[in-house]
Amino acid sequence: MHYLSTRGQAPQRRFTDILLEGLASDGGLYVPEYYPQFSLAALEQMAVMPYAELAYTILSAFAPEIPSDDLAKLVLETYHAARYPYARESVRAARVAPLTWLEPGRFGILELSNGPTLAFKDMAMQLLGALFEYVLTQRDTYLNILGATSGDTGSAAEHAMRGRARIRVFMLSPAGRMSPFQRAQMYSLQDENIHNIAIRGAFDDAQDVVKALGADQAFKSQYRLGAVNSINWARIAAQVVYYFAGYFQAVGRVGDPMSFAVPSGNFGNILAGHIARMMGLPIAQLILATNENNVLDEFFRTGVYRPRRSDETFVTSSPSMDISKASNFERFVFDLVGRDSQALTTLWRQLAEKGAFDLKTTPYWATSGRFGFVSGANSHEGRVATIRSIWKRYRVLIDPHTADGVRVAQQVADSRYPVVVLETAQPAKFADTIQEAVGFAPPRPAPFEGIEAAPQRVTELPADAQAVRRYIEAHALRGRD
Ligand SMILES: *Cc1c(COP(=O)(O)O)cnc(C)c1O
């Protein structure tokens with residue numbers, strides 16, 4: 001299995017080569033040269049597998065160069081139920097990704113946020129941590145991870161990389177601008193390989209520092225700086241497993257069609273659904289839900305893709321979806337244009353020149369229905385009303401992002417098929433919106449009680465690339481030479 005760039009001008013690589021890298025050298029994103037296919041007979045065999053075995057079956061098709069014993073060990077260590085202990089009492093399942101039905105057989109929620117930071121990003125990030133450590137050991141090298149976070153991705157990354165050999169993490173966050181709970185999730189980690197840097201400024205300032213340091217090729221290669229961003233292919237591959245696991249729990253008979261609804265931002269999660277569908281999983285609809293930042297909804301309704309600038313991005317009550325330039329979208333468009341990298345490059349040139357492209361009058365748009373996407377956008381009012389109505393009707397508390405998925409599914413799903421909404425975070429992380437919706441604060445899983453009071457480990461620095469650079473130089477992992 002090789003990976004090729006969507007822009008067609010970069011050398012082909014293997015899974016373990018692209019694992020530690022970002023964009024391809026031509027500015028494109030790596031995609032598999034083909035999608036592994038699972039027949040109905042294969043799906044029937046997979047239907048009875050526990051999550052780890054399912055993950056092994058899927059990932060071994062994407063990374064055949066990893067010896068099977070090694071991959072089996074990595075997924076078993078990553079995907080056992082004890083690592084995802086915070087499931088709803090109503091399912092009380094000792095499984096990694098349990099399904100909670102609201103309307104049995106018709107409408108349900110796939111619990112993906114039972115990991116250490118109570119968000120779905122944990123599940124893929126935990127695998128990434130294990131894979132990084134494995135590949136770095138194989139190659140006898142090391143990695144300094146540099147990133148900026150507004151809260152959720154950074155904490156999932158830190159919890160996945162903590163205590164790992166050959167890896168050090170430098171995570172920049174905006175000082176004083178995260179919730180006390182988010183701060184505690186990151187800053188209370190005492191692991192020596194985790195460095196929290198609070199930047200005096202906003203998230204964008206922290207992001208600018210990361211970009212400035214990443215642009216310095218000499219510094220980057222001297223310190224072996226890497227990232228754990230949302231375009232990482234291994235994260236996408238790990239997310240493909242969610243859809244198989246959800247499917248087998250949801251359908252009465254393997255082969256029956258069903259739909260998934262996905263709260264979306266960077267288009268990573270739902271891209272994995274698209275890939276699962278391309279691999280033969282009988283998904284009827286992929287229901288894409290956005291919040292007020294509706295760039296992707298606009299595309300799927302009109303064929304116009306018009307990313308917004310960061311100062312045009314709304315701050316909403318589903319903050320992890322406050323994204324107006326979906327970094328993984330290019331991977332889907334590559335399939336949409338028939339995997340023609342020249343056509344894709346033309347579109348991205350238009351995007352750079354005009355700030356948008358329009359597929360409406362192209363043959364690509366006429367045939368786009370075959371990918372099963374439908375979409376909708378939600379608002380704060382809709383979010384709060386949905387959290388309230390799901391609580392009243394089913395006594396199930398959902399987080400604001402999941403509420404966007406539920407609302408849009410209620411509006412656009414084809415009622416012939418069962419729908420499963422992917423739960424992307426737990427309500428405990430977003431107490432204010434939950435309080436507004438139902439009049440009480442969401443309960444926290446026991447280990448999170450009072451984490452705000454735990455001792456914190458964080459260094460405050462100005463929003464200055466030189467200051468951060470000096471800090472990294474003083475604390476980075478280095479080779480033996
Ligand atoms: C990251 C995130 C999303 C968006 O997922 P994408 O893969 O970026 O589309 C939705 N909800 C929550 C809670 C998230 O953390």
Side-chain angles (χ1 to χ4, degrees), residues 29 86 109-126 128 147 149-160 178-179 181-182 185-186 203 228-243 260-276 286-297 299-300 307 313 316-332 373 375 377-378 383 386-387 398-409 421-431 433-434 442:
L29 275 72
Y86 308 119
I109 291 177
L110 186 66
E111 294 194 24
L112 299 174
S113 49
N114 298 330
T117 74
L118 307 181
F120 87 105
K121 290 190 174 68
D122 284 330
M123 290 184 62
M125 204 72 92
Q126 293 282 327
L128 202 64
T149 186
S150 54
D152 288 344
T153 309
S155 59
E158 289 188 354
H159 282 262
M178 297 189 300
S179 71
F181 181 78
Q182 284 178 315
Q185 270 193 316
M186 293 177 59
F203 166 70
V228 284
N229 48 33
S230 61
I231 61 165
N232 184 285
W233 169 257
R235 282 179 67 184
I236 306 289
Q239 294 184 163
V240 170
V241 186
Y242 306 164
Y243 293 84
F260 286 100
V262 189
S264 293
N266 263 319
F267 204 80
N269 197 356
I270 201 164
L271 174 75
H274 161 70
I275 293 167
L286 285 165
I287 301 164
L288 180 141
T290 70
N291 62 22
E292 291 87 335
N293 296 294
N294 63 350
V295 176
L296 291 168
D297 173 44
F299 173 77
F300 283 103
T313 305
T316 76
S317 48
S318 45
S320 299
M321 292 154 61
D322 291 349
I323 289 163
S324 295
K325 192 166 150 276
S327 48
N328 278 294
F329 188 55
E330 183 171 335
R331 286 183 161 127
F332 171 69
F373 276 84
S375 73
N378 198 13
R383 200 167 295 134
T386 304
I387 294 168
I398 56 173
D399 101 291
H401 306 78
T402 309
D404 289 338
V406 167
R407 175 73 155 206
V408 171
V421 181
L422 301 200
E423 178 172 71
T424 55
Q426 290 217 10
K429 295 190 83 168
F430 303 96
T433 305
I434 303 300

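Position 1 is the first residue of the sequence, and the numbers go up from there. Note that ligands are numbered from 1 as they come in the structure, with each ligand's atoms numbered from 1 the same way. Computed from heavy atoms alone, side chains included, the values below leave out hydrogens, waters and symmetry copies.
Using a distance-only test at 3.5 Å, with no hydrogens or angles considered, a donor-acceptor pair links the side chain of Arg235 to the main chain of Asn229. Within the 3.5 Å criterion, the main-chain N or O of Gln185 finds a donor-acceptor partner in the side chain of His159.
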If you look at each N/O of ligand 1, which protein N/O atoms lie under 3.5 Å away, and at what distance?
{"residue": "ligand 1", "atom": "7 (O)", "partner": "Gly268", "partner atom": "N", "Å": "3.2"}
{"residue": "ligand 1", "atom": "7 (O)", "partner": "Asn269", "partner atom": "N", "Å": "2.9"}
{"residue": "ligand 1", "atom": "8 (O)", "partner": "Asn266", "partner atom": "N", "Å": "2.7"}
{"residue": "ligand 1", "atom": "9 (O)", "partner": "Gly265", "partner atom": "N", "Å": "2.8"}
{"residue": "ligand 1", "atom": "9 (O)", "partner": "Asn266", "partner atom": "N", "Å": "3.2"}
{"residue": "ligand 1", "atom": "9 (O)", "partner": "Phe267", "partner atom": "N", "Å": "3.1"}
{"residue": "ligand 1", "atom": "11 (N)", "partner": "Thr424", "partner atom": "OG1", "Å": "2.9"}
{"residue": "ligand 1", "atom": "15 (O)", "partner": "Lys121", "partner atom": "NZ", "Å": "2.5"}

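With 3.5 Å as the limit, one finds no donor-acceptor pair spanning the side chains of Asn328 and Asn266. Defined by atom type and a distance below 3.5 Å, a donor-acceptor pair is present between the side-chain atoms of Thr316 and Asn291. A side-chain donor from one of Thr117 and Asp122 sits under 3.5 Å from a side-chain acceptor of the other.
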Candidate pair Thr433 and Ser317, rule side-chain hydrogen bond (donor to acceptor under 3.5 Å, both in side chains), full reasoning: CA-CA 7 Å; Thr433 305; Ser317 48; 4.6 Å; no

